[in-house]
2 protein chains.
Amino acid sequence: MVEIQQKRARDAQATRQALLDAAAALFAERGFERATVRDIAARAGVNQALLFRYFGSKKALFGEVLERNGREQLSATAPESLLEAALRGMLLADDGRLGDRSLEAFLRSTGGSDEVAATGRLLGDEYARVLATLSDRQDSQLRADLVLSWLLGIGLMRVVVGKEPLASADPDEICELVLGAARTLLEGLATPVPASGA
Amino acid sequence: MVEIQQKRARDAQATRQALLDAAAALFAERGFERATVRDIAARAGVNQALLFRYFGSKKALFGEVLERNGREQLSATAPESLLEAALRGMLLADDGRLGDRSLEAFLRSTGGSDEVAATGRLLGDEYARVLATLSDRQDSQLRADLVLSWLLGIGLMRVVVGKEPLASADPDEICELVLGAARTLLEGLATPVPASGA
DNA sequence: GCTCTATGTAAGCACGTGCTTACACTTGGA
DNA sequence: TCCAAGTGTAAGCACGTGCTTACATAGAGC
C-alpha cells in the first residue's frame, strides 16, 4: 500500500507541490485573504477540491507555506546577511523571482485576527529575534521591529500600492538607501541617543 | 431649500456625519475591504441602507473620508512637521485618538486594484510630494516614498500584526528612533528638532 | 387634519467565498 | 478480469458581502 510512486500520470505529490508553489506565490502577492482557493488551484492547474483533500483548509495550507519556505530560508541565512536577504527577497518578488516569499506572505496577511496571524507571527518573531542580535542596544528588539516594519511597508508600497517612483526603482538603489539607514538604526551609530551598551 | 437645520429628531446631516466618522475609524483600523458596511453603519448607530442613500457606494464613502480628513490635515500642516505629524497620527491611532487617520486608511486599503487604490493613491502622492520637498537629493522622490513606506509598515505592525515590543512601545521612543533615521535618509533638510511629545 | 417629502427600516437579492459531497476515472495487485 | 484504493471532477451548500427595494414614520407646510 505505502509503496514508492515514481512517476504516475496522476501524481499526488506533484499536485501537492503545485498547490504549495501556487499558494506561496499568491499569498505573497495578495496576502492570505485576497488569495482565494479557486485562484490558487487555478494557478496550480488542479481542481480546487484537491486543495482541501491535501491540506484540509486554506489556513493549514498557509501554515505549510510559511513553514516550508520561511523556516528553511531563515535558518540557512547568516544573521548579518538576513536583513539584506529579506529586503532583496521583498524587492524581487514581483519580477517572477521566487525567492523567500514567506516573509512577504506573512507580512501581507496581517488582516486576520485569528490563528492565521498567529501562525505568521511566529515567523515574524523569528525574523525579529535574529535581526535583534545585530544590535547591542537595550532596545534592540524595538529597533529590529522597526526595521522589519520598513521591509513590510516597502513591499506593500511597491507591489500592492504600486507607488511611483518606488515601484519601478532599481532594487540595488533601494537596498543602498534602506540598508544604510537600517544598519545605522540597528547599530545606533548615528542616532543621538547615548550609547547604552556599545 | 438650503436652510439652517438646527436640531431635528431625524437629522440627515448628523447621520451623514456619524457615518463619515465611523467609516474613518473603521477604514483606518481595518482597511477598506475588512471594514464592512454593516459594521460601519452599526458603529454609526444607523441603518446600513442609509450609507447607500447618502454616499451611493462604499467606495464613494471611502473617497469622501479621504477627501474630508486627509486633504485638510495635509494642507494645514507645514512640510517640516508633516513627517512627525503623520508618524504620530499613525502611532496614536489605536489609542482612541482620532487624528489624521486618512493616511492610515489609505495605506491600510491597498488591496483593491481598482479605483479604491487609485483614490487613495492621490492622497499618498501628495504626502510623498510634500515629503520630497524636504530633500534636495535628486532621488528625493524615492527617499520620500521609502519614508512613507516606513510609516505604513509601522502602522501595520503595531495595530494589525500587533507585533511586540513594537505594538506596546512608547510613541515618543518610536518617534525618536524613526525620525532620526528618516531625517538622515532625507538629509539636507532644515528641520527644527521637535520636542518629543510631552 | 391632511399631504408630501425627507428620513429611517426590514427584508432580500446577486455574487463571491471557503468548504463538502457525490461521483468518475486511473492504476496496481489478485 | 475484477476489485479496491488513489486521484481528479462537477455541483452545490452555507455564509458573508455590497447593494436594492418596498415600506413605515416623522415633520413641515398648507
Side-chain angles (χ1 to χ4, degrees), chain A residues 1-20 22-23 26-27 29-65 109 111-117 119, chain B residues 1-20 22-23 26-27 29-65 109 111-117 119:
Chain A
M1 214 172 285
V2 189
E3 295 295 295
I4 300 178
Q5 46 252 39
Q6 290 288 20
K7 188 71 193 325
R8 298 172 302 181
R10 327 181 107 197
D11 190 338
Q13 289 298 327
T15 299
R16 252 189 76 102
Q17 193 60 38
L19 280 169
L20 273 174
L26 275 174
F27 282 144
E29 286 173 16
R30 308 182 192 173
F32 179 78
E33 303 211 317
R34 293 184 56 85
T36 73
V37 294
R38 284 173 174 81
D39 285 345
I40 292 172
R43 178 172 296 199
V46 308
N47 191 286
Q48 55 108 12
L50 296 179
L51 187 153
F52 297 94
R53 163 129 59 208
Y54 292 133
F55 299 96
S57 73
K58 187 187 177 187
K59 289 177 184 175
L61 172 61
F62 182 71
E64 203 149 331
V65 165
S109 305
S113 57
D114 44 7
E115 67 248 53
V116 173
T119 305
Chain B
M1 203 69 72
V2 189
E3 295 294 296
I4 300 178
Q5 46 251 34
Q6 291 288 22
K7 190 68 192 330
R8 296 174 302 179
R10 325 181 109 195
D11 191 339
Q13 288 299 327
T15 298
R16 254 189 75 103
Q17 192 61 37
L19 280 169
L20 274 174
L26 276 174
F27 283 145
E29 286 172 16
R30 308 183 193 172
F32 179 79
E33 302 210 319
R34 294 184 56 84
T36 73
V37 294
R38 285 174 174 80
D39 285 345
I40 292 172
R43 178 172 295 200
V46 308
N47 190 287
Q48 55 108 12
L50 296 180
L51 187 154
F52 298 95
R53 164 132 54 208
Y54 292 133
F55 299 97
S57 72
K58 187 187 178 187
K59 288 177 185 174
L61 172 60
F62 182 71
E64 204 150 328
V65 165
S109 305
S113 57
D114 45 8
E115 67 249 50
V116 173
T119 304

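What you see is a predicted model; the values in this text were computed from it and never measured. Numbered from 1 within each chain, the chains take letters A, B, ... in sequence-line order.
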Which heavy atom of [X] sits nearest to which heavy atom of [Y], and what is that distance?
{"X": "B:Lys58", "Y": "B:Phe32", "value": "NZ-O, 2.8 Å"}
{"X": "A:Phe55", "Y": "A:Ala60", "value": "O-CB, 3.1 Å"}
{"X": "A:Leu19", "Y": "A:Val46", "value": "CD2-CG2, 3.6 Å"}
{"X": "A:Asn47", "Y": "A:Ala41", "value": "C-CB, 4.0 Å"}

Got a sec, which residues hit side-chain contact (heavy atoms from CB on, under 4.5 Å) with A:Ala22, two or more places apart in sequence or on another chain? A:Ile40, A:Arg43, A:Ala44

Whole angstroms only, please: what is the [atom1]-[atom2] distance between [X] and [N]?
{"X": "B:Gln17", "N": "C:dT7", "atom1": "CD", "atom2": "C1'", "answer": "17 Å"}
{"X": "A:Glu33", "N": "C:dC19", "atom1": "CD", "atom2": "P", "answer": "12 Å"}
{"X": "B:Lys58", "N": "C:dC15", "atom1": "NZ", "atom2": "C1'", "answer": "15 Å"}
{"X": "A:Phe62", "N": "C:dC19", "atom1": "CZ", "atom2": "P", "answer": "14 Å"}
{"X": "A:Arg30", "N": "C:dG18", "atom1": "CZ", "atom2": "C1'", "answer": "16 Å"}
{"X": "B:Asn47", "N": "C:dA6", "atom1": "CG", "atom2": "C1'", "answer": "15 Å"}
{"X": "B:Arg34", "N": "C:dT17", "atom1": "CZ", "atom2": "P", "answer": "15 Å"}
{"X": "A:Asp11", "N": "C:dG28", "atom1": "CG", "atom2": "C1'", "answer": "15 Å"}

Could you tell me whether the phosphate oxygens of C:dG16, OP1 or OP2, come under 4.0 Å of any side-chain nitrogen or oxygen in A:Thr36? no

If the cut-off is 4.0 Å, is A:Ser57 near the phosphate of C:dG18, judged by side-chain N/O to OP1 or OP2? no

Touch check for A:Ala41, heavy atoms < 4.0 angstrom, all strands: base, sugar-phosphate only, or nothing? nothing

Would you mind classifying the nucleic acid contact of B:Ala35 as base, sugar-phosphate or nothing, using non-hydrogen atoms under 4.0 angstrom? sugar-phosphate

Quick one: side chain to side chain donor-acceptor pair (under 3.5 Å) partners of B:Glu64, sequence neighbours excluded? B:Arg16

For A:Thr36, side chain to side chain donor-acceptor pair (under 3.5 Å) partners two or more places apart: A:Asp39

Counting side-chain heavy atoms from CB outward, which of C:dT7, C:dC19, D:dG18 is closest to B:Ala12? C:dT7

Where along residues 48-56 of chain B does a heavy atom come under 4.0 Å from DNA chain D, residue by residue in number order? B:Gln48, B:Ala49, B:Phe52

Tell me whether the side-chain N or O atoms of A:Arg38 pair up with the base of C:dG16 as donor and acceptor below 3.5 Å, since no angle test is needed here. no

